[in-house]
Amino acid sequence: MDEKNKQHVRPSWDEYFIKIMDFVGERATCDRGRSGCVIVRDKRIITTGYVGSPPGMPHCDEVGHLMQEVLNENGQVSQHCVRTIHAEQNAICQAAKYGISLEGATMYGNMEPCYVCARMIVAVGIKRVVCKKRYHRAQLSRDLFKMAGVELDVIEDEMETYKNM
């Protein structure tokens with residue numbers, strides 16, 4: 001079959017919103033995690049966010065990372081950039097800024113949320129989280145979602161990797 005006669009296949013809603021989430025992430029300003037986030041209710045986008053510094057503050061892409069070492073429960077030390085706000089946090093903050101309820105919404109993100117983001121997700125009433133990949137420190141988030149009744153769907157069963165993990 002030639003290109004002209006090829007049958008068009010519409011993306012599923014999850015595929016559609018994940019593609020939009022990827023595009024939103026292109027605005028991110030930290031090369032350790034150029035992630036985006038899209039929050040949807042009733043198949044309508046209600047807010048978006050991406051990894052970036054608070055408004056008016058310098059970005060990693062401009063001045064470099066603000067790294068902190070974290071001692072993990074298994075004794076390993078990991079590096080975290082604390083200059084920026086996570087995409088999930090920015091999307092939730094945008095909703096709060098404009099008075100938009102997230103009750104019953106679905107969140108689309110690049111990887112499973114960290115524990116801070118997971119607690120915010122539960123607190124605002126998001127009921128489903130769809131991620132492209134796994135996050136190496138997401139077990140607490142998974143446990144919290146299970147207890148809170150938040151559905152977690154990970155599309156690709158592989159770990160997200162980034163610089164200086």
Side-chain angles (χ1 to χ4, degrees), residues 8-66 80-138 140-142 144-145 148-163 165:
H8 172 70
V9 178
R10 286 178 80 187
S12 70
W13 286 109
D14 285 349
E15 291 167 335
Y16 173 72
F17 291 122
I18 285 288
K19 285 182 181 190
I20 293 171
M21 178 273 306
D22 280 336
F23 189 69
V24 169
E26 290 185 25
R27 291 271 314 148
T29 62
C30 181
D31 67 358
R32 293 187 78 242
R34 292 203 193 279
S35 295
C37 179
V38 174
I39 302 178
V40 173
R41 189 175 42 240
D42 299 325
K43 299 178 185 167
R44 302 275 182 233
I45 296 171
I46 55 177
T47 186
T48 66
Y50 53 85
V51 174
S53 295
M57 306 307 304
H59 295 283
C60 296
D61 289 350
E62 301 164 342
V63 297
H65 299 289
L66 181 57
H80 294 271
C81 178
V82 296
R83 184 176 305 285
T84 57
I85 301 168
H86 292 181
E88 299 90 340
Q89 294 166 356
N90 266 326
I92 290 169
C93 287
Q94 285 298 311
K97 185 174 183 176
Y98 295 106
I100 300 167
S101 171
L102 300 178
E103 186 71 38
T106 297
M107 175 182 277
Y108 292 87
N110 191 54
M111 64 181 133
E112 293 171 293
C114 74
Y115 191 54
V116 171
C117 290
R119 289 179 290 174
M120 292 175 70
I121 289 163
V122 170
V124 300
I126 291 171
K127 294 299 180 198
R128 182 172 179 240
V129 176
V130 180
C131 309
K132 279 176 59 174
K133 296 182 180 178
R134 299 234 173 253
Y135 172 51
H136 70 280
R137 297 206 53 218
L140 284 173
S141 300
R142 289 181 211 120
L144 177 65
F145 286 164
V150 174
E151 182 183 348
L152 175 63
D153 293 316
V154 180
I155 295 170
E156 301 170 18
D157 193 21
E158 66 180 67
M159 203 65 66
E160 176 70 21
T161 58
Y162 47 89
K163 281 181 12 179
M165 271 176 72

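For the single chain, residues carry numbers from 1 onward in sequence order. Given the structure is predicted, the values throughout are model-derived calculations rather than measurements.
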Matching residue for Tyr108 among Trp13, Tyr16, Phe23, Phe17 - test: ring pair (Phe, Tyr, Trp, His ring centres under 6.0 Å):
Phe17
For atom CZ of Arg134, decide whether the heavy atoms of other residues, nucleotides or ligands shown that lie under 6.0 angstrom number more than 12.
yes
One pair to check against side chain to side chain contact (heavy atoms under 4.5 Å, CB included): Glu151 and Asp153. What are the steps and the verdict?
CA-CA 7 Å; Glu151 182 183 348; Asp153 293 316; 3.0 Å; yes
Got a second to check how far Arg83's CZ is from Arg32's CZ, nearest 0.5 Å?
12.5 Å
How many angstroms lie between atom CD of Gln89 and atom SG of Cys117, to the nearest 0.5 angstrom?
4.0 Å
Donor-acceptor contact present, side-chain Thr48 to main-chain Val38, <3.5 Å
no
Pair Thr47, Ile45 - check side chain to side chain contact (heavy atoms under 4.5 Å, CB included), show working.
CA-CA 6 Å; Thr47 186; Ile45 296 171; over 6 Å; no
Looking only at non-hydrogen atoms, find the nearest pair between Ile85 and Pro54 and report the distance.
CD1-CG, 3.8 Å
Could you state the interatomic distance from CD (Glu156) to SG (Cys131), rounded to the nearest 0.5 Å?
11.0 Å
For Ala91 and Ile39, the nearest pair of non-hydrogen atoms, with its separation, is CB-CD1, 3.7 Å
Could you please spell out the steps behind the side chain to side chain contact (heavy atoms under 4.5 Å, CB included) verdict for Cys114 and His86?
CA-CA 9 Å; Cys114 74; His86 292 181; 3.5 Å; yes
Measuring from atom CG of Asn90 to atom NZ of Lys97, what distance do you get when rounded to the nearest 0.5 angstrom?
10.0 Å
CD of Gln94 to CG of Leu102, rounded to nearest 0.5 Å, is 11.0 Å
Name of the residue among Arg128, Lys43, Lys19 meeting salt bridge (charged side-chain N to carboxylate O under 4.0 Å, His left out) with Asp14:
Arg128
Determine the sole option in Glu88, Met120, Met107 for which the side chain to side chain contact (heavy atoms under 4.5 Å, CB included) test with Ile126 is passed.
Met107
Can you see which heavy atom on Pro113 is nearest to which on Ala118, and at what distance?
CB-N, 4.1 Å
Inter-residue atom distance Ile92.CD1 - Ile121.CD1, 0.5 Å rounding
5.5 Å
Please report the C-alpha distance between Asp22 and Lys132 in whole Å, then the side-chain angles of each, then the deciding distance to 0.1 Å, and finally whether the salt bridge (Lys or Arg N to Asp or Glu O under 4.0 Å) criterion is met.
CA-CA 10 Å; Asp22 280 336; Lys132 279 176 59 174; 3.1 Å; yes
Considering all heavy atoms of both residues, which atom of Val24 and which atom of Gly49 are nearest to each other, and what is their separation?
CG1-O, 3.3 Å
